[in-house]
Colleague: 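Quick one: structure below, then a few questions.
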Number of protein chains: 2
Amino acid sequence: MSKSLLELTPVEAVACCAPVTREPLSAEAAERIVPLVKAIADPVRLRLLSLVASHADGEACVCDLNDAFDLSQPTISHHLKLLHQAGLLDREKRGVWVYYRINTAALGDLAGLLGGVTA
Amino acid sequence: MSKSLLELTPVEAVACCAPVTREPLSAEAAERIVPLVKAIADPVRLRLLSLVASHADGEACVCDLNDAFDLSQPTISHHLKLLHQAGLLDREKRGVWVYYRINTAALGDLAGLLGGVTA
DNA sequence: TCGTCACATCGACATCCATCTATGTCCGGA
DNA sequence: TCCGGACATAGATGGATGTCGATGTGACGA
């Protein structure tokens, strides 16, 4: 059987929705979308996302990401966890290092949801 | 002369930026974009935006919006103010009533910023 | 087996934010 | 001129969130 709504990442729960400008959003739909928006509503997370997305090979090691900020390693780890839980970043451990890769479809769904008219 | 950066609404400050996935976002660019994302990172504001956008004539009276939520009038007023300050909603007072209209270009800019690849 | 490196988790703390009640302002009607 | 309705503002408060230092975990090399 398919996963229940509560088991879905925010990204998976959003992929089905009509654009915001088409019809009034139900309270339930809004609650499903918001976690995804909140995930990118932070300057550090936005830059992390951008860094991973624009990185060579489409993936980035945590060690590279840490160096790009004047923040402690646990803080970066915390933000990466949020982005991963939202479904925007995929996580893969290889040896001692952890690589994050962007989920392009997720960003696309979100963009379509907002743009709506032009989609 | 053109307005200084600090006088711009978040929407105006964002319209020029390259998509998030194209190149690493600078700290300054991220700080400009985030207020716009935060403006829609709330279920009530997301629904308000959707209500106004999908309303007949493309505009909605505050009195209509109040009725759609189980929240106090000042709370709705507060959220509308944030959306207006972000540049996502235009405000017009006609007589006793206040009408809000959506800034479609703003949502489009934001969507393009996120989508990037498909823009 | 031990030490070290890469990353995650924990617990604490300060700040931010959504919401409320109370009050202010502006407009139109009586 | 006064009253009431529509909306905004002010101040207070509880909960969410970003950050930190300390610590845990798991993999690799000596």
Side-chain angles (χ1 to χ4, degrees), chain A residues 9-10 25 27 30-52 55 59-86 88-101, chain B residues 9-10 25 27 30-52 55 59-86 88-101:
Chain A
T9 65
L25 222 51
E31 296 288 350
R32 284 202 305 274
I33 297 175
V34 160
L36 193 54
V37 181
K38 281 190 174 179
I40 60 170
D42 179 277
V44 175
R45 289 196 291 272
L46 208 50
R47 288 181 63 199
L48 280 171
L49 208 62
S50 177
L51 275 172
V52 173
H55 203 271
E59 65 180 14
C61 174
V62 176
C63 52
D64 296 330
L65 302 173
N66 275 325
D67 295 344
F69 298 86
D70 269 343
L71 293 172
S72 69
Q73 173 265 324
T75 297
I76 300 298
S77 183
H78 166 69
H79 286 304
L80 287 171
K81 181 182 182 179
L82 291 186
L83 287 170
H84 175 59
Q85 285 177 337
L88 290 167
L89 287 183
D90 294 329
R91 201 184 103 100
E92 185 187 355
K93 182 160 186 172
R94 291 206 294 269
V96 184
W97 297 280
V98 172
Y99 292 84
Y100 283 91
R101 178 179 295 273
Chain B
T9 64
L25 222 52
E31 295 289 350
R32 283 202 307 274
I33 297 175
V34 159
L36 193 54
V37 181
K38 281 192 174 178
I40 60 171
D42 179 279
V44 174
R45 289 196 290 273
L46 209 50
R47 288 181 63 200
L48 280 171
L49 208 61
S50 178
L51 275 171
V52 173
H55 203 271
E59 64 180 13
C61 174
V62 176
C63 52
D64 297 330
L65 301 174
N66 274 325
D67 296 343
F69 298 86
D70 270 342
L71 293 171
S72 68
Q73 173 266 323
T75 296
I76 300 298
S77 182
H78 166 69
H79 286 304
L80 287 171
K81 181 181 181 179
L82 291 186
L83 287 170
H84 174 59
Q85 286 177 335
L88 290 167
L89 287 183
D90 294 328
R91 202 184 103 102
E92 185 187 353
K93 182 161 189 173
R94 291 207 293 271
V96 184
W97 296 279
V98 172
Y99 292 85
Y100 283 92
R101 178 178 296 273

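Throughout, protein chains are lettered first and strands after them, A, B, ... in sequence-line order, and every chain is numbered starting at 1.
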Colleague: Is any side-chain nitrogen or oxygen of R45(A) closer than 4.0 Å to OP1 or OP2 of dG18(D)?
Modeller: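 For dG18(D), OP1/OP2 do have a side-chain N/O of R45(A) under 4.0 Å.
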Colleague: A side-chain contact here means heavy atoms from C-beta on lying under 4.5 Å apart; do H55(B) and L51(B) qualify?
Modeller: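 Not touching, per the 4.5 Å side-chain cut-off.
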Colleague: E92(B) has an atom CD; how far is it from atom P of dA8(D), in whole Å?
Modeller: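 Checked: the CD to P distance equals 14 Å.
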Colleague: To the nearest Å, how far apart are D42(B) CG and dC16(C) C1'?
Modeller: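 Interatomic distance, CG of D42(B) to C1' of dC16(C): 13 Å.
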Colleague: Protein within reach of the bases, or only the backbone? For nucleotides 5-10 of chain C, mark each nucleotide 5' to 3' as B, S or -, using heavy atoms under 4.0 Å.
Modeller: -SBBB-
Colleague: Closer to the 5' end of DNA chain D via nearest nucleotide, is it R94(A) or A41(A)?
Modeller: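 Whichever sits nearer the 5' end wins; that is A41(A).
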Colleague: Please tell me if the side chains of K93(A) and V98(A) come closer than 4.5 Å, counting only heavy atoms from C-beta onward.
Modeller: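 In short, these two side chains touch, coming nearer than 4.5 Å.
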Colleague: Between K38(A) and dT17(D), does any side-chain N or O lie under 4.0 Å from OP1 or OP2?
Modeller: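 Result: yes.
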Colleague: For residues V44(A) and T75(A), determine if any side-chain heavy atom of one lies less than 4.5 Å from a side-chain heavy atom of the other.
Modeller: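 Counting from C-beta outward, V44(A) and T75(A) never come under 4.5 Å.
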Colleague: Sub-3.5 Å donor-acceptor pair from the side chain of R45(A) to the main-chain atoms of K38(A), do we have one?
Modeller: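 It does hold such a pair.
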Colleague: Looking only at heavy atoms, what is the nearest atom pair of P43(B) and V34(A), with distance?
Modeller: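 Of all heavy-atom pairs spanning P43(B) and V34(A), the closest is N-CG2, 3.3 Å.
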Colleague: Could you tell me the separation between the CD atom of E31(A) and the P atom of dA18(C), rounded to a whole number of Å?
Modeller: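 Answer to the nearest Å: 13 Å.
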Colleague: Just N and O in the side chain of H79(A): are any of them under 4.0 Å from OP1 or OP2 of dT19(D)?
Modeller: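 So the side chain of H79(A) is within the cut-off, an N or O lying under 4.0 Å from OP1 or OP2 of dT19(D).
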Colleague: For a 4.5 angstrom cut-off between non-hydrogen side-chain atoms, does L88(A) reach L36(A)?
Modeller: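 Of all side-chain heavy-atom pairs linking L36(A) with L88(A), at least one is under 4.5 Å.
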Colleague: Whole angstrom is fine here: how far is it from CZ in F69(A) over to P in dT19(D)?
Modeller: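 Atom CZ in F69(A) sits about 10 Å away from atom P in dT19(D).
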